[in-house]
Amino acid sequence: MYIIDRRLNPGGKSLANRQRFLRRAKAQIQRAVRQTAGDRDITDLDRGGEVSIPADGVREPSFRRSGEGGVHDHILPGNKRFVEGDTIDRPPGGAGSGSSGGDSGEGEDDFRFALTRDEFLDLFLDDLELPDLAKRRVATVETQGMRRAGYTVTGSPVNLALLRSMRNALSRRIALRRPKPQELLRLQEEIDRLEERGGESGRLAALREELDRLKHRTRRFPYIDPIDLRYRRFEPVSRPVAQAVMFCLMDVSGSMTEHMKDLAKRFYMLLYIFLTRRYKHVEIVFIRHTHEAKEVDEETFFNSPETGGTVVSSALREMQRIVGERYSPDSWNIYAAQASDGDNSPNDGTTSAALLRDVILPICQYYAYLEVGSDSDRMQTGFINHKTSLWQTYESLIEHGANLAMRKVNHRREIYPVFRELFRRRDAEAIARVP
C-alpha cells in the first residue's frame with residue numbers, strides 16, 4: 001500500500017527532515033529515561049516521573065546565511081570617505097563577534113517534562129526482546145485477529161473497495177449500452193456544423209432527436225449505481241501465539257554476600273518487569289538453589305533468607321524436571337537466566353557442564369549467565385583476569401559452540417547496561433544509528 005500525502009509541509013520543512021527530527025528527539029528521550037533508570041531504585045522502575053533532555057536536543061535544524069566570510073555589496077548614502085572600488089576593512093574583533101559575558105551569566109535550562117508509568121516503561125523497554133522467539137506448536141493459546149474475506153454489498157464507508165466498485169460500474173454501463181460521452185459530443189458537433197452551413201432540416205431534426213434520446217438514456221443509467229458498490233469484508237480468525245517460559249536460577253548459598261544477592265535480585269526484577277510488560281504468554285519459573293534446588297514462588301524467590309552450600313547441578317536438574325513435566329520443547333520457547341557468584345563444588349563442575357551441554361542448552365532458545373561480585377573486587381590486583389570455577393566451566397562450553405551468553409557485574413549501576421546487552425533487539429544497533 002502506498003500513501004501519498006499532498007499536504008504542504010509545515011514551515012517549508014520536508015517530511016523526511018521532520019521524521020528525522022522526531023527520531024532524534026525520541027532517541028534523546030530514551031537516553032534520558034535510561035539515565036534516570038540507572039539512578040532509581042529497582043522498585044521504582046515501573047513508576048512514571050520527570051526526565052530532562054538538553055534544550056538543543058529538541059531544536060529543529062535550519063539553514064541560514066552566515067555572517068562571516070563572503071563578499072557583500074552595500075550602498076552608503078552621504079558617504080564622504082570612500083569611493084566606488086575601495087575595500088573596506090572589517091571592524092576590529094571580526095564579524096559576528098558578540099558582547100562579552102558578565103559576572104552573572106545567562107543560559108537555558110534543560111527541557112523537563114513528566115512521563116506517565118506506561119510512557120516510561122514503553123521507552124524503557126522499547127528495544128528489548130527475547131532472542132530467537134519462534135512459533136512452536138500451540139494447541140490452547142490463541143489470539144483473535146482479522147483477515148480479508150472477499151467483498152460484500154454492504155459495509156462501512158471506510159471499507160469501500162473503490163477499484164472493485166468502479167470496475168462493476170464500468171461493466172454495468174457496457175452491458176446496458178449506456179451512451180459514451182464521446183458519442184454525445186460527436187452528435188453535438190455535427191448538429192453545430194449543420195446549423196452553421198444551413199443544412200437540410202430533416203437531417204438536423206433527426207440528429208437532434210437522436211441526441212435527446214441518448215441524453216435521456218444516459219440519465220436512465222447513472223455513472224455509478226448502489227448495486228455497483230463493493231465493500232471489503234473481514235472475518236475473525238484464531239491465530240496461535242508464540243508462548244515461552246523463562247527459568248530464573250539464583251544461587252543463594254553462603255558464599256553469596258548481601259551485596260551479591262542484591263545485584264542478582266535487581267537483575268531478576270528487571271527481567272520480571274520486562275517479561276510481564278512486553279509479553280502476554282510468558283511464564284516465569286523461579287528456582288533457588290544451594291546444595292539443593294527447589295521451585296519457589298515470587299515472594300520466596302526474592303525474600304527468603306535460606307542459605308547453604310553450592311551445587312549448581314541441582315538447579316539444572318530441577319529445571320530439567322520441570323521442563324519434562326510441564327514445558328515440552330515442541331510447544332514452548334524455553335529461556336533461562338542464571339545468577340551466581342561463580343563458586344561451585346569442586347566435584348560438581350563436570351556434572352554441571354554435562355547437564356548444560358547435553359540436556360539444557362539443546363532445548364533452550366537462549367541461556368544467559370550473570371556473575372555477580374563485590375564492589376571491592378575492582379580494586380584488587382588481577383581481578384580483571386580472575387576467572388571463577390563456574391566461569392571457566394561455561395567458557396569452555398562457549399569455545400565448543402554452545403549458545404550461552406555470560407556477563408559480570410560488581411556494582412548496581414552496571415545492572416541495567418548488562419541487562420540491555422543480554423536482551424537487546426538484534427536490529428537495535430542499526431536503529432540507534434539513524435540520525
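Given the structure is predicted, the values throughout are model-derived calculations rather than measurements.
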Checklist entry - Going by the side chain to side chain donor-acceptor pair (under 3.5 Å) test, which pairs reach into residues 208-218, not counting sequence neighbours? => result Glu195-Arg208, Glu210-Arg213
Checklist entry - Does the distance from a Lys or Arg side-chain N to an Asp or Glu carboxylate O, for Arg326 and Glu295, drop under 4.0 Å? => result yes
Item to check | Leu163, CG atom: more than 12 neighbouring heavy atoms under 6.0 Å | outcome: no
Next on the checklist: Working to the nearest 0.5 angstrom, can you tell me the gap between Ile284 CD1 and Met246 CE?
Outcome noted: 8.0 Å
Checklist entry - Got a second to check how far Leu404's CG is from Leu397's CG, nearest 0.5 Å? => result 7.0 Å
Item to check | Under 3.5 Å donor-acceptor, Asn403 side chain and Gln365 backbone | outcome: yes
Next on the checklist: Determine whether Ser340 and Val372 satisfy the following criterion, side-chain contact (heavy atoms from CB on, under 4.5 Å), listing intermediate values before the conclusion.
Outcome noted: CA-CA 6 Å; Ser340 173; Val372 294; over 6 Å; no
Item to check | Sidechain N-carboxylate O distance under 4.0 Å for Glu318, Lys294 | outcome: no
Item to check | Face-on cation placement of Arg147 at Phe234 ring, 6.0 Å and 45° thresholds | outcome: no
Next on the checklist: I'd like to check Phe247 versus Gln338 (side-chain heavy atoms, cut-off strictly below 4.5 Å). Are they in contact?
Outcome noted: no
Item to check | side-chain contact (heavy atoms from CB on, under 4.5 Å) between Glu189 and Leu185, intermediate numbers included | outcome: CA-CA 6 Å; Glu189 290 177 349; Leu185 182 60; 3.8 Å; yes
Checklist entry - Just how far is it from atom CD1 of Ile287 to atom CG of Leu316, taken to the nearest 0.5 Å? => result 8.5 Å
Next on the checklist: Would you say that Leu390 contacts Val312 through its side chain, given a criterion of any heavy-atom pair below 4.5 Å between the two side chains?
Outcome noted: yes
Checklist entry - Can any side-chain N or O of Ser396 pair as donor or acceptor with the backbone N or O of Thr393 at less than 3.5 Å? => result yes
Item to check | Interatomic spacing from CG in Leu370 to CE in Met250 - rounded to 0.5 Å | outcome: 11.5 Å
Item to check | Side-chain (Tyr366) to main-chain (Ala405) donor-acceptor, under 3.5 angstrom | outcome: no
Next on the checklist: Would you say that Met319 contacts Cys364 through its side chain, given a criterion of any heavy-atom pair below 4.5 Å between the two side chains?
Outcome noted: yes
Checklist entry - What orientation do Phe301 and Phe286 show, parallel under 30°, tilted 30 to 60°, or perpendicular over 60°? => result tilted
Checklist entry - Could you go step by step and tell me if Val153 and Leu229 meet the side-chain contact (heavy atoms from CB on, under 4.5 Å) rule? => result CA-CA 6 Å; Val153 295; Leu229 299 180; over 6 Å; no
Item to check | Aromatic ring pairing Tyr369/Trp391, orientation class (parallel under 30°, perpendicular over 60°, tilted between) | outcome: tilted
Next on the checklist: The test is ring pair (Phe, Tyr, Trp, His ring centres under 6.0 Å); show your working for Phe423 and Phe419 and say whether it passes.
Outcome noted: CA-CA 6 Å; Phe423 295 99; Phe419 180 80; 5.2 Å; yes
Checklist entry - Should Tyr335 and Val282 count as side-chain neighbours, where that means a heavy-atom distance under 4.5 Å? => result no
Checklist entry - Is there a donor-acceptor pair closer than 3.5 Å between any side-chain N or O of Asp228 and the backbone N or O of Asp225? => result yes
Item to check | Within-4.5 Å side-chain heavy-atom neighbours: Arg407 and Glu371 | outcome: no
Checklist entry - How many angstroms lie between CD1 in Ile224 and CG in Leu162, if you round to the nearest 0.5 Å? => result 7.5 Å
Checklist entry - Taking the side chain from Thr300 and the backbone from Val296, do they hold a donor-acceptor pair closer than 3.5 Å? => result no
Next on the checklist: Looking at Arg233 and Arg148, would you say the former's side chain and the latter's main chain have a donor-acceptor pair under 3.5 Å?
Outcome noted: no
Next on the checklist: Under 6.0 Å from the ring centre and within 45 degrees of the ring axis: does the NZ or CZ of Arg164 meet both conditions for the six-membered ring of Tyr151?
Outcome noted: yes
Checklist entry - Which value, rounded to the nearest 0.5 Å, describes the distance between Leu422 atom CG and Met406 atom CE? => result 11.0 Å
Checklist entry - Any sub-3.5 Å donor-acceptor pair from Arg172's side-chain atoms to Arg167's backbone N or O? => result no
Checklist entry - Would you say Arg230's side chain and Ile227's backbone share a donor-acceptor pair under 3.5 angstrom? => result yes
